[in-house]
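When reading the values below, keep in mind they use all heavy atoms of this one structure, side chains included, and skip hydrogens, waters and symmetry mates.
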Amino acid sequence: GDVGGGGWSETAALAVQQVSGWYAVVAARLVLIRPSGWVLWPLFLLQLSIAGAMCRMHLGFQPGPNWLAPQIASLFPWATHSARIAAPLVLWLLDPRALTRAERLGESYHTFLSKAKTGMNILRGPIALMFLAHGIEALSHHPVFIDLIIVSARIGLGWNMPEHVAEPLLTAIGMVDIVVAGLCLIRRWPAVAWYMAFWGGVTAASRVIAGGWEFHWHELAIRSPHAGLPLVLALYWMLLKSTKSNPREILP
């Protein structure tokens, strides 16, 4: 077989899936106790592997012949999963408990702060890339996205939204996603990050609204970085605005 695009047998792939799954479950608890590199780096590599496997299996988003070449469209998992890939790395860089460890090892506060700044700068790229990719997907009017909007509107709002309304709404959503992706890279506007956090949460929750909590709660959990990482960025940018009197202490 070709499970995962790596030429593995189904038995081998299932074994890797089981090991990875149990590690992720254990790591979820360990992250709450002590988010060390020993826990977070394997999670980072796991997310990389998932996106890579999807690319090899050509499971990337296919916007259509008028949008992108199939070779480019197949790379979409790297973009749509970028926040999930970056989350463990950024948490490792931003872990506030690292300050205590740094002091114990004789490192300076500025060394820790530099590491935290690096994490915040890294954060902007994956968030922007994720919104750009989802914006392109929305502009392509993929049937999955249209169905998600229609079903969510019916269940969540009691509105039987017709398809001719869903399509221009999806176009508007896609355009906004692309605009905020660009603004995220070129401006430090908390409002932009707050919007991205809000919309990331809405789109993640729409899976549960459309499909039910029992069978789709994991899709909300998987997409939690889509809201969580922009929220971290929003709070950081607000902190920057509140420390203008001594910007050299915190500005990248």
Inset, instruction - Could you tell me whether the side chain of Ser140 and the main chain of Glu137 form a donor-acceptor pair under 3.5 Å? - result: yes

Inset, instruction - Might you point out which heavy atoms bring Ala181 and Phe131 nearest each other, and give the distance in Å? - result: CB-CB, 4.0 Å

Legend entry - Distance, nearest 0.5 Å, that separates CG of Leu231 from CH2 of Trp194: 5.0 Å

Legend entry - Trp78 to Ile85 - nearest heavy-atom pair and separation: CE3-CD1, 4.1 Å

Inset, instruction - Assess whether side-chain contact (heavy atoms from CB on, under 4.5 Å) is satisfied between Leu229 and Met196, documenting all intermediate values. - result: CA-CA 9 Å; Leu229 294 189; Met196 297 173 99; over 6 Å; no

Inset, instruction - Any chance you could lay out the side-chain contact (heavy atoms from CB on, under 4.5 Å) test for Val232 and Met120, step after step, and finish with the verdict? - result: CA-CA 9 Å; Val232 170; Met120 297 311 302; 3.9 Å; yes

Inset, instruction - Please report the C-alpha distance between Ile146 and Glu167 in whole Å, then the side-chain angles of each, then the deciding distance to 0.1 Å, and finally whether the side-chain contact (heavy atoms from CB on, under 4.5 Å) criterion is met. - result: CA-CA 7 Å; Ile146 293 177; Glu167 289 183 350; 3.8 Å; yes

Legend entry - Same apolar cluster: Ile150 and Val208, side chain cutoff 4.5 Å: no

Inset, instruction - Give me the ring orientation class for Tyr195 and Phe198: parallel if the planes are under 30° apart, tilted from 30 to 60°, perpendicular past 60°. - result: tilted

Legend entry - Within one Ile-Leu-Val-Met-Phe-Trp-Tyr cluster: Val31 and Trp22, side-chain cutoff 4.5 Å: no

Inset, instruction - For Leu233 and Cys184, work out which heavy atoms get closest and say how close. - result: CD2-SG, 3.8 Å

Inset, instruction - Check the angle between the aromatic planes of Trp213 and Trp217 and answer parallel, tilted or perpendicular using the 30° and 60° thresholds. - result: tilted

Legend entry - Nearest heavy-atom neighbours spanning Met238 and Pro190: CG-CB, 3.8 Å

Legend entry - With sequence neighbours excluded, residues passing ring-ring contact (aromatic ring centres under 6.0 Å, His included) with His226: His134

Inset, instruction - List for me each residue that meets ring-ring contact (aromatic ring centres under 6.0 Å, His included) alongside Trp38, sequence neighbours excluded, and say none if there are none. - result: none

Inset, instruction - Please report the closest heavy-atom contact between Ala227 and Ala197, naming both atoms and the distance. - result: CB-O, 3.4 Å

Inset, instruction - Indicate, with yes or no, if Leu157 and Leu169 share a hydrophobic cluster defined by side-chain heavy-atom contacts under 4.5 Å among Ile, Leu, Val, Met, Phe, Trp and Tyr. - result: yes

Inset, instruction - Spell out, as yes or no, whether a donor-acceptor pair under 3.5 Å connects the side chain of Ser152 to the backbone of Ile149. - result: no

Inset, instruction - Supply the atom-to-atom distance His81 NE2 to Leu48 CG, rounded to the nearest 0.5 angstrom. - result: 11.0 Å

Legend entry - Atom pair CD1/CD1 of Ile178 and Ile173 - distance to nearest 0.5 Å: 12.5 Å

Inset, instruction - Would you sort out whether Val176 and Trp199 count as a side-chain contact (heavy atoms from CB on, under 4.5 Å), showing the intermediate values? - result: CA-CA 11 Å; Val176 172; Trp199 190 244; over 6 Å; no

Legend entry - Hydrophobic cluster identity match, Ile222 and Phe44, side-chain contacts under 4.5 Å: no

Inset, instruction - Please examine the side chains of Val192 and Arg187, heavy atoms only from C-beta on, and report whether any two atoms are closer than 4.5 Å. - result: no

Inset, instruction - Measure the shortest side-chain to side-chain distance between Leu139 and Thr171 over non-hydrogen atoms and say whether it is less than 4.5 angstrom. - result: yes

Legend entry - Spacing of Leu91 atom CG and Leu123 atom CG [to the nearest 0.5 Å]: 11.0 Å

Inset, instruction - Taking all heavy atoms of Pro42 and all of Gly37, pick out the closest pair and write down the distance. - result: CD-O, 3.7 Å

Inset, instruction - Check salt bridge (charged side-chain N to carboxylate O under 4.0 Å, His left out) between Arg223 and all other residues, then give those that pass, not counting sequence neighbours. - result: Glu219

Legend entry - Transitive ILVMFWY side-chain link Tyr23 to Leu89, under 4.5 Å: yes

Inset, instruction - Hey, could you give me the CZ/OH distance between Arg124 and Tyr236, rounded to the nearest 0.5 Å? - result: 9.0 Å

Inset, instruction - Give, for atom CD1 of Ile50 and atom CD of Gln17, the distance between the pair rounded to the nearest 0.5 Å. - result: 9.5 Å

